[in-house]
Amino acid sequence: MDRIRLYRLRNEHRRLDNAIRREECLEAPDTARLQDLKRRRLALKGQMFLAEAGLSPVRF
């Protein structure tokens with residue numbers, strides 16, 4: 001497992017979590033931005049899973 005890669009993925013995931021919380025706290029949150037942030041966070045979660053399992057992502 002590449003610990004540095006996993007560390008960076010976790011930090012980016014945490015950063016996206018914070019951005020999502022900030023956006024949701026706005027009086028009129030931008031739904032398109034929220035969708036994008038959540039999509040990116042989900043993709044990172046998948047990458048973290050693969051990194052923890054010692055697997056490489058499959059590209060089509």
Side-chain angles (χ1 to χ4, degrees):
M1 171 177 18
D2 187 3
R3 292 177 189 223
I4 294 172
R5 176 170 159 63
L6 189 55
Y7 174 79
R8 288 179 180 160
L9 290 171
R10 285 180 178 158
N11 280 340
E12 180 66 13
H13 190 271
R14 191 175 305 115
R15 189 186 69 75
L16 288 171
D17 271 340
N18 291 334
I20 289 168
R21 280 193 213 103
R22 281 192 308 272
E23 189 68 34
E24 289 175 334
C25 288
L26 295 176
E27 189 172 316
D30 183 346
T31 55
R33 177 170 160 71
L34 271 173
Q35 278 184 323
D36 181 55
L37 290 169
K38 288 179 178 184
R39 190 176 303 118
R40 289 170 42 200
R41 182 182 62 176
L42 184 59
L44 276 174
K45 191 170 185 173
Q47 290 177 24
M48 287 176 4
F49 172 80
L50 292 174
E52 288 171 348
L55 302 173
S56 298
V58 176
R59 300 189 193 255
F60 295 98

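Atoms considered below: every heavy atom in the structure, side chains included; atoms not considered: hydrogens, waters and symmetry mates.
- Across all their heavy atoms, Leu44 and His13 have their closest contact at CD1-N, 3.7 Å.
- Distance check: Leu34 CG to Arg41 CZ gives 9.5 Å after rounding to the nearest 0.5 Å.
- Remark: Arg15 engages Glu12 in a salt bridge (Lys or Arg N to Asp or Glu O under 4.0 Å) (not counting sequence neighbours).
- The distance from the CG atom of Leu9 to the CG atom of Leu50 is 10.0 Å, given to the nearest 0.5 Å.
- The CG atom of Leu6 sits 5.0 Å away from the CD atom of Glu52 when rounded to the nearest 0.5 Å.
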Result block: side-chain N/O donor-acceptor pairs under 3.5 angstrom for residues 18-31, not counting sequence neighbours:
from  : atom 1 : to    : atom 2 : distance (Å)
Asn18 : OD1    : Arg21 : NH1    : 2.9
Asn18 : ND2    : Arg14 : O      : 3.4
Glu23 : OE1    : Arg33 : NE     : 3.1
Glu23 : OE2    : Asp30 : N      : 2.8
Asp30 : OD1    : Ala32 : N      : 3.1
Asp30 : OD1    : Arg33 : N      : 3.4

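- Atom CZ in Arg3 sits 10.0 Å away from atom CZ in Arg10 (nearest 0.5 Å).
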